[in-house]
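Just so you know, these numbers come straight off a predicted model, no measurement behind them. Below, chains carry the letters A, B, ... as their sequence lines are ordered, and counting in each starts from 1.
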2 protein chains.
Amino acid sequence: MEHKPKLADVAQAAGVSTATASQVLRGTGRISDSTRKNVVAAAKRLNYVRDSRAASMRSGENREIGFAVLQIANPFNAEVISGVSDLLETEGYLVSVLDSRDDTDRQRRNLEAFIRSSRGGLLWVPAENTDDDTFELLKAHGIPTVSFLRRSGKGRFDHVGIENSAATESATRYLAELGHRHIAYLGGTAEFGVRVERIEGCKKAIAELGLPELVVWNCPDEKVAGLTEISKLREAYPKITGIVCNGDMVAIGACSGMIRMGLKPGRDISVVGFDDVQDAAIATPPLTTMSVSPYQLGRKLARVALDRIRDPEMPTTISLMPAELITRESTGPAPKEAD
Amino acid sequence: MEHKPKLADVAQAAGVSTATASQVLRGTGRISDSTRKNVVAAAKRLNYVRDSRAASMRSGENREIGFAVLQIANPFNAEVISGVSDLLETEGYLVSVLDSRDDTDRQRRNLEAFIRSSRGGLLWVPAENTDDDTFELLKAHGIPTVSFLRRSGKGRFDHVGIENSAATESATRYLAELGHRHIAYLGGTAEFGVRVERIEGCKKAIAELGLPELVVWNCPDEKVAGLTEISKLREAYPKITGIVCNGDMVAIGACSGMIRMGLKPGRDISVVGFDDVQDAAIATPPLTTMSVSPYQLGRKLARVALDRIRDPEMPTTISLMPAELITRESTGPAPKEAD
DNA sequence: TGATATTGGTATAACGTTTAACCATCCGTC
DNA sequence: GACGGATGGTTAAACGTTATACCAATATCA
């Protein structure tokens with residue numbers, strides 16, 4: 001009770017060698033039924049649990065995998081995490097989440113701790129401005145790694161992401177069909193990764209449709225920011241009637257801001273979000289958004305990781321999931337106004 | 001490059017024994033400056049990182065600590081996590097988060113994995129209906145544990161929580177001062193822990209003020225639930241004009257629901273939330289709520305854990321943080337109506 | 001000058017598993 | 001009654017660190 005029981009204690013209690021005890025507990029080797037039962041009983045009686053550090057050191061197997069995200073608070077991430085752990089847990093893995101807060105130092109610390117403990121695998125949303133060393137470090141230590149959402153590292157790792165460009169392109173076309181001509185992209189600040197791809201998609205549609213140039217408005221992808229920035233955007237570009245947002249949070253914030261300004265989302269200005277988080281459906285007004293099923297995205301991510309772990313020699317893969325337009329009430333026909 | 005470098009490789013490259021290399025890298029022992037530099041250089045050159053499994057096995061020290069929460073998506077938790085990791089990271093600890101989703105099986109798996117890896121410590125929000133065995137298991141294996149928010153386990157562990165009863169008592173008194181006489185408690189379903197304490201606080205105030213009996217209305221602590229349940233509550237108890245909520249989420253949902261019903265929060269019905277999450281301030285209307293500074297709560301939690309790790313023999317402590325009433329616009333004078 | 005610190009370092013035994021290699025039995029068979 | 005093959009188990013060497021104990025030098029001191 002006092003002293004933490006080890007395998008040797010179990011073995012002794014069952015009157016066998018530690019090797020036998022180990023084999024019983026792992027279900028390997030040729031052991032008679034009677035001793036098998038003895039050992040199991042002894043283990044239970046002593047409340048034995050195997051020390052995974054020792055086990056993984058000797059066997060080279062580690063069934064803990066980590067998920068390094070930019071911010072744990074993000075509800076989108078939360079749903080991805082559900083998908084990831086649901087799938088991995090059925091395979092006997094344990095998922096632990098690390099929060100890098102999009103800070104490279106913090107991220108570096110996290111990842112080094114990862115390497116130190118030789119975890120089984122890593123799911124990773126690389127922080128902004130992650131330097132090449134960091135990718136190299138992971139690669140050199142042979143940790144099975146899958147990058148998520150943000151693709152970088154020169155194809156060193158498997159990747160799971162979203163078809164961002166195609167998504168915003170269709171969102172923009174949808175706005176155009178509703179008659180909107182002056183369109184803005186609202187939210188985010190990063191000059192690489194997801195956001196760039198999304199902006200690209202908007203620009204592509206706009207170019208092909210011959211609409212006026214896309215207005216890009218930077219701000220954090222949060223409700224508060226959306227709330228305050230929408231009025232500034234309105235002031236600077238009064239002609240804008242259609243907005244594609246970098247995420248649902250900023251979109252919801254923008255809608256709230258418009259209401260405070262006496263405008264009606266979906267009538268005066270149409271807003272399209274991105275992610276389809278749970279709040280999107282119950283926001284006022286319910287948000288039109290690009291849905292990517294974060295839960296399914298998480299499952300896919302987990303599956304790719306498992307494949308990589310099982311066959312480390314396999315060439316790296318890229319999996320992009322499509323996003324689907326969900327129309328709700330934050331979009332509507334463009335107001336008839338002198339253009 | 002190919003083979004993962006170990007301490008022995010570093011030692012060989014520097015022309016010293018592994019013992020010396022270890023001492024240099026850990027900054028212990030008496031080593032001359034020249035060899036010290038050699039070893040450090042060799043380590044850097046080989047891209048060496050220590051295997052923490054081996055290290056922690058031998059030394060008995062493990063600077064990874066885990067935080068097991070009920071749901072990672074909860075924004076309240078996210079802020080707590082920030083506080084926890086900010087403090088622990090300065091002490092060289094790594095924080096990883098486990099999501100039990102309030103499911104005892106999942107929780108059990110998580111905790112067993114914890115024991116297996118002999119982590120440095122555990123911060124733990126026990127899932128509903130956690131059985132005594134689980135507490136005993138942790139205790140028996142001597143993992144430094146601090147329970148958070150939900151106090152249970154017969155005082156086996158240190159605890160950090162909120163002065164729930166005092167908080168809801170003052171919220172109730174505040175409503176009473178505004179003239180509300182028929183008061184309800186909305187949200188949550190658990191029959192133990194936090195919620196029970198909060199309900200107790202309301203009842204205490206009501207008893208002392210001689211108001212009509214508290215109406216307790218169960219539902220999940222989520223926006224959607226608040227949105228739908230508020231109309232049912234209104235129908236069942238039309239006299240209710242003051243509501244104390246189990247959390248901000250259900251409170252915000254309830255406000256949205258009222259607006260949809262054509263009622264005005266703060267005029268027709270007053271709503272008090274709990275937690276003061278970031279959304280509370282920017283909700284429509286901005287939410288009156290009990291604020292507990294989740295970030296500071298997280299720091300406190302971390303500090304208690306550190307104390308416990310440093311002195312395992314210390315008697316267990318209980319730390320309760322006060323909650324402060326933040327008045328915004330979801331509360332107001334009771335409507336003048338025939339009672 | 002001999003006794004005694006001090007400095008700088010090494011050899012080796014842990015930590016708790018897993019696993020490859022080995023060794024007794026016993027059983028049937030020719 | 002020697003031989004091959006199951007059957008059921010054990011021995012001992014890893015895995016990569018750290019800590020204890022020890023050992024050579026060299027420096028210090030009375």
TODO: Using only heavy-atom distances, decide whether a donor-acceptor pair under 3.5 angstrom links the side-chain of Arg58(B) to the base of dT18(D).
DONE: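 Such a pair exists between side chain and base.
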Whole-Å distance separating the [atom1] atom of [X] from the [atom2] atom of [N]:
| X | N | atom1 | atom2 | result |
| --- | --- | --- | --- | --- |
| Leu25(A) | dT18(C) | CG | P | 8 Å |
| His141(B) | dG16(C) | NE2 | P | 12 Å |
| Leu7(A) | dA14(D) | CG | P | 20 Å |
| Gln23(B) | dA11(C) | CD | P | 13 Å |
| Asp9(B) | dG16(D) | CG | C1' | 11 Å |
| Arg63(B) | dT17(D) | CZ | P | 18 Å |

Under 4.0 Å between a side-chain N/O of [X] and OP1 or OP2 of [N], yes or no?
| X | N | answer |
| --- | --- | --- |
| Ser59(B) | dT18(D) | no |
| Arg26(B) | dT18(D) | yes |
| Ser22(A) | dT18(C) | yes |
| Ser32(B) | dG9(C) | yes |

Just by modelled atom types, is the [Y] backbone N or O under 3.5 Å from a matching donor or acceptor in the [X] side chain?
| X | Y | answer |
| --- | --- | --- |
| Asp102(B) | Glu128(B) | yes |
| Asp51(A) | Lys6(A) | no |
| Ser59(B) | Ala55(B) | yes |

Open item on the list: Heavy-atom nearest nucleotide on DNA chain D for Thr18(A) versus Asp33(A): which residue maps closer to 5'?
Closed with: Asp33(A)
Open item on the list: Reading DNA chain C from 5' onward, which residue's closest nucleotide shows up sooner: Met57(B) or Ser34(B)?
Closed with: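 So the residue in question is Ser34(B).
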Applying a 4.0 Å non-hydrogen cut-off, can you work out what [X] is touching in the nucleic acid: base, sugar-phosphate, or nothing?
| X | result |
| --- | --- |
| Thr20(B) | base |
| Ala19(B) | base |
| Thr35(A) | sugar-phosphate |

Open item on the list: Less than 4.0 angstrom from a charged side-chain N to a carboxylate O is my criterion; do Asp133(A) and Lys139(A) meet it?
Closed with: no
Open item on the list: Would you call the rings of Trp124(B) and Phe135(B) parallel, tilted or perpendicular, taking 30° and 60° as the class edges?
Closed with: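 Rings of Trp124(B) and Phe135(B): tilted, 30 to 60°.
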